[in-house]
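All remarks here apply to the structure that follows.
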Number of protein chains: 2
Amino acid sequence: MEANGISQAVISRLPRYYRYLGDLKDEGIERISSHDLSVRMNVTASQIRQDFNQFGGFGQQGYGYNVEYLYDEIAKILGLNKKHNLVIIGAGHLGQALANYMNFERRGFFTKGLFDKDASIEGQEVRGLKIYSMDKLEEFIKENDIDIAVLTLPKQGALEVSKTLTACGIKAIWNFAHVDLELPKDVVVENVHLSDSLMKLSYRINSSQENEAENE
Amino acid sequence: MEANGISQAVISRLPRYYRYLGDLKDEGIERISSHDLSVRMNVTASQIRQDFNQFGGFGQQGYGYNVEYLYDEIAKILGLNKKHNLVIIGAGHLGQALANYMNFERRGFFTKGLFDKDASIEGQEVRGLKIYSMDKLEEFIKENDIDIAVLTLPKQGALEVSKTLTACGIKAIWNFAHVDLELPKDVVVENVHLSDSLMKLSYRINSSQENEAENE
DNA sequence: TAGATTGTTAATCGATTAACAATC
DNA sequence: TAGATTGTTAATCGATTAACAATC
């Protein structure tokens, strides 16, 4: 039952490793040592080896890591070898922007439909995807093997729809609404709080200016 | 010169505190103890007190914290009492979605213009904001007191434009491009890597399914 | 074999939690 | 004054870095 050992810190570094390995692959580089990778990525070689060893060790002494093999292994760890079907709930600008983002498909994430409570846009299409009214949501999820719901709608709507979603057994929510959802613990949630991110940027602008001032 | 003591962990919790304090204020609650807040936020009271004390302590023994005062203090720490002017570079769906997001204005972030290399959309408007061609960028930044550039364009474009940006002295970049920018250390960058976030979600779907399987 | 580099253990560092004296 | 709750120090826990034996 234990949330399988791997720490959050390691997991959040995985996509970045994956990106760098993809770049190496594109450059035609076959193998890389933890040291060389550490220089490129600006982290310690020790951390790289520790991280990979959480999953069993993908390297070979005296050789390093085979780029393509490691790339594929990380993909498997991240579950990118499986297909996921998504619905986007909230067909505003952000929802439509995500629907238009083709790159997700390359990684196995397929948007199947958009939903919005605004009846006037029902039936419109975004990149060939229909916008449905909210009352079709439950049926659609069941019939289209949806496993991820993307919430791009305001706070209040997000709270309401999250109940429907858990009721019809969705297992993952990608939450762009500016609110913490309360969900059964077998539902995984990943939050993207854009305004939090902007505030962090603001903090750092502020504090770096203070530092400059101090040094005058 | 030292990057002023406060740890990254504390800073990234600040926006969440700010949000909860805002909610408390809206509910008309005047004061709150670290314990009561810890229950609402699902963190330890100890952490709350430690965090606030990084900035000098805003509470009073036997009383707790005054909600409105604390709210305002956090706003100041985050630099939300200052105005920031932004440009959005890359007027695709995501750029337009951000331009349409009014909530940022409430916090003092004002989008002044969008830029795109696609000449055919030059002159179009998004919520009253003009789309300009890239060659107007430098001049625009200087004339409109821009301090934040938002990068919503592909990798390659982001790398190129980041050079122009540092050349004309921009101090902060909100980077949505899927690439690590190399910048002088006085330029602050906040990355929003949406596909990284989606991969983390995917990882957790994957690992929670494995856990279920183990328990059968 | 010698050199390179991993996997892994041990040491260090930092962040979180617990405890409690200070004080409103 | 007694009770509540902070600010802060000390203890614990976890994550990162260093070191090195194992091994390709």
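Here is the naming used below: chain letters follow the sequence lines, and residue numbers restart at 1 for every chain.
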What pairs with A:Gln8 under side-chain hydrogen bond (donor to acceptor under 3.5 Å, both in side chains), at least two apart in sequence or on another chain?
none

For A:Ile11 and D:dA15, what is the distance between atoms CD1 and C1' respectively, to the nearest whole Å?
14 Å

Taking only residues two or more places apart in sequence, or in another chain, which ones meet A:Lys163 in a side-chain hydrogen bond (donor to acceptor under 3.5 Å, both in side chains)?
none

side-chain hydrogen bond (donor to acceptor under 3.5 Å, both in side chains) involving B:Lys25 - partner list, sequence neighbours excluded:
none

Watson-Crick and G-U pairing of DNA chain C written in dot-bracket, each distance under 3.5 angstrom, with | for inter-strand partners:
..||||||||||||||||||||||

Can you list every salt bridge (charged side-chain N to carboxylate O under 4.0 Å, His left out) pair that touches residues 86-97 of chain A, not counting sequence neighbours?
none

Pairs satisfying side chain to side chain donor-acceptor pair (under 3.5 Å), at least one member in residues 28-37 of chain B, at least two apart
B:Ser34-B:Arg49

For B:Phe52 together with B:Tyr17, are the ring centres under 6.0 Å from each other?
yes

What N/O pairs connect the protein and nucleotides 4-8 of chain C at under 3.5 Å? Give each pair on its own line.
{"residue": "C:dT5", "atom": "O4'", "partner": "A:Gly62", "partner atom": "N", "Å": "3.0"}
{"residue": "C:dT5", "atom": "O2", "partner": "A:Gly62", "partner atom": "N", "Å": "3.3"}
{"residue": "C:dT6", "atom": "OP1", "partner": "A:Ser34", "partner atom": "N", "Å": "2.6"}
{"residue": "C:dT6", "atom": "OP2", "partner": "A:Ser34", "partner atom": "OG", "Å": "2.6"}
{"residue": "C:dG7", "atom": "OP1", "partner": "A:Phe58", "partner atom": "N", "Å": "3.4"}
{"residue": "C:dG7", "atom": "OP1", "partner": "A:Gly59", "partner atom": "N", "Å": "2.9"}
{"residue": "C:dG7", "atom": "OP1", "partner": "A:Gly59", "partner atom": "O", "Å": "3.2"}
{"residue": "C:dG7", "atom": "OP2", "partner": "A:Asn53", "partner atom": "OD1", "Å": "3.0"}
{"residue": "C:dG7", "atom": "OP2", "partner": "A:Tyr65", "partner atom": "OH", "Å": "2.9"}
{"residue": "C:dG7", "atom": "N7", "partner": "A:Arg49", "partner atom": "NE", "Å": "3.1"}
{"residue": "C:dG7", "atom": "O6", "partner": "A:Arg49", "partner atom": "NE", "Å": "3.3"}
{"residue": "C:dG7", "atom": "O6", "partner": "A:Arg49", "partner atom": "NH2", "Å": "2.8"}
{"residue": "C:dT8", "atom": "OP2", "partner": "A:Asn53", "partner atom": "ND2", "Å": "3.0"}

Quick one: which residue pairs count as a salt bridge (charged side-chain N to carboxylate O under 4.0 Å, His left out) with a foot in residues 69-92 of chain B, not counting sequence neighbours?
B:Glu73-B:Lys76

Separation of A:Asp51 atom CG from D:dA15 atom P, in whole Å?
11 Å

Among residues at least two apart in sequence or on other chains, which ones pass side-chain hydrogen bond (donor to acceptor under 3.5 Å, both in side chains) with A:Glu190?
B:Ser197, B:Arg204

Give the rounded distance in Å between these two atoms: CE of B:Met41 and C1' of C:dT17.
17 Å

Between D:dT16 atom C1' and B:Gln8 atom CD, what is the distance in whole Å?
16 Å

